[in-house]
2 protein chains.
Amino acid sequence: MSESTATRAYDAVLRHVEESLRSGAIKLGDRLPGERALAEQFGISRASVRHAIRSLEVMGVVRSATGSGPNSGTIVVSNPSSALGGALRMHVASHQLPLKDVVEARIMTETWALEHAAAAPWTLEQIDDARRLLEAMDDEGLPSEIFTLLDSQFHVALSALAGNVVVSTMMESMREAIRDYISDAAARQGSWEEVAQVLRAHHHRIFEAVEARDGALAARLVREHIDWFYGRAV
Amino acid sequence: MSESTATRAYDAVLRHVEESLRSGAIKLGDRLPGERALAEQFGISRASVRHAIRSLEVMGVVRSATGSGPNSGTIVVSNPSSALGGALRMHVASHQLPLKDVVEARIMTETWALEHAAAAPWTLEQIDDARRLLEAMDDEGLPSEIFTLLDSQFHVALSALAGNVVVSTMMESMREAIRDYISDAAARQGSWEEVAQVLRAHHHRIFEAVEARDGALAARLVREHIDWFYGRAV
DNA sequence: CGAGCTGTGTGGTCTGACCATAGTAGCGCA
DNA sequence: TGCGCTACTATGGTCAGACCACACAGCTCG
């Protein structure tokens, strides 16, 4: 198949960037040479260079900004969850990745993370981040969209306590992938106030189990929490 | 930040494709209008359209082929694992996602999958696919690169028995992300023959546990299997 | 010293030309 | 009528160049 085996002009740029990242020649925060310079360096057109840059953007490796000065150009970033989340969202949209499988995979990662958080060397600062989110969600005047955003951050913060960046990334990307479904579900609930009350109670109990380093309880509670929400929602 | 909030010309194409996928207006196997037609439809340049197409390619949603006839143009595909794998690989290369976390996440997904395969309604055809891979790996003349490829397919096939497409996708993408490390590790082993023997023995025991629907045993064996390989390798 | 202007380098977009590819249709010959 | 060959067409891939908007950084003037 021509597409899968043909070498494209910009592949050399992609490979070069990957190797440079691997070797440490370029690092997080570094600024790549400008598109025109890369075009000259690789002996290809600027349009082709732009294709490579676009690929790297979609993969969450770089961001681009116009202008001049240190914030302009193509900067190395680290946004794996937005990259994975965007791709997953497309495949959920195309019905190739079923929503129920995403939910189940979320349960897998969150229960794993909370179990492992029990023995992980998280700091007081980390757990306090989660606590602040928990407390922010206790505001009963919060619109559901804000609550949902805080809810997402809360879950990500708890899961991050396990200390596995890949698992956190996947968890976050899955939330991103089904973000619209979550928002729709929240907005569709008959009485948001009642639902929010239940969610808050769940969150508190989950938080307390995590803080107490009771991994088994935390995992069970988060499973029930997700089951409860999606049982109502989908 | 201009990059994250600015609307680009081709965003409309991306949104349109996503919505069309969601609504079913376009489906797996469908052929999108040509770049020139899309440019006219959206009132933007062909170069901008190409950026949207490129994004969709990186996300594993479409593939592009030159020529004419039914196989040419931009065809809707479903390659979530290559998209996720490619992105993960970049982030592993940039050292933002640690290899050890990928390995641990792999253990998480594979043990989960094998546990759940015990109660899943997989078919004889599915398990036979795995069996054929198992038997193919028993060929002692197999070069390590071929063995590694079959090994990967074997693990993916077993994990797919759980019936969760998202988990399978993630598993496959993680294998893809660290594929070069696996190949390097295999090539670096002192005596490949001895290692292959051990791997084969592990594979057989894992397969038998899965076939017998002993989820707990299968999960334990696959954990030990991965630990053993990476304990030696990294 | 501060404000405003100019210049420069950056990515974003557009236009148009050309190339390679993969069919498909039409024509000619056996 | 069937097969082979040629020409045409639509497609994505690449290139070159022009222009735009933006974000500084440096310089000049009050």
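Sequence lines set the chain letters: A, B, ... in the order given, protein chains first and strands last, and positions in each chain run from 1. These numbers were taken from a predicted model, which means no experiment stands behind them.
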| note | Sorted by number, residues from residues 34-44 of chain B placing a heavy atom under 4.0 Å from DNA chain C are B:R36, B:I44
| request: Could you tell me whether B:G67 contacts a base, only the sugar-phosphate backbone, or nothing, with contacts defined as non-hydrogen atoms closer than 4.0 Å? | output: base
| query | Donor-acceptor pair under 3.5 Å: do we get one between B:S68's side chain and the base of D:dA10? | reply | no
Side chains of [X] and [Y], donor plus acceptor under 3.5 Å:
{"X": "A:D151", "Y": "A:H203", "value": "yes"}
{"X": "A:S72", "Y": "A:R31", "value": "yes"}
{"X": "A:R54", "Y": "B:S55", "value": "yes"}

| request: Nearest-nucleotide wise, let me know which of A:G69 and A:H51 is further upstream toward the 5' end of DNA chain D. | output: A:H51
| task | Provide, to the nearest angstrom, the distance between the CZ atom belonging to A:R46 and the P atom belonging to C:dT15. | result | 16 Å
| In whole angstrom, what separates B:R50's CZ from D:dA16's P? | 15 Å
| said: Is B:R8 close enough to C:dT13 that one of its side-chain N or O atoms is under 4.0 Å from OP1 or OP2 there? | reply: no
| request: Can you run down the salt bridge (Lys or Arg N to Asp or Glu O under 4.0 Å) pairs that involve residues 68-92 of chain B, sequence neighbours left out, and say none if there aren't any? | output: A:E18-B:R89, B:R89-B:E176
| Among residues 72-80 of chain B, which contact DNA chain D at a heavy-atom distance under 4.0 Å? | B:G73, B:T74
| request: Indicate yes or no: at least one non-hydrogen side-chain atom of B:D101 is less than 4.5 angstrom from one of A:V167. | output: no
| task | Classify the ring geometry between B:H225 and B:H155 as parallel (under 30°), tilted (30 to 60°) or perpendicular (over 60°). | result | parallel
| field | CA sep, side-chain torsions, deciding dist, call: B:F42, B:V49, side chain to side chain contact (heavy atoms under 4.5 Å, CB included) | value | CA-CA 9 Å; B:F42 286 91; B:V49 167; 5.7 Å; no
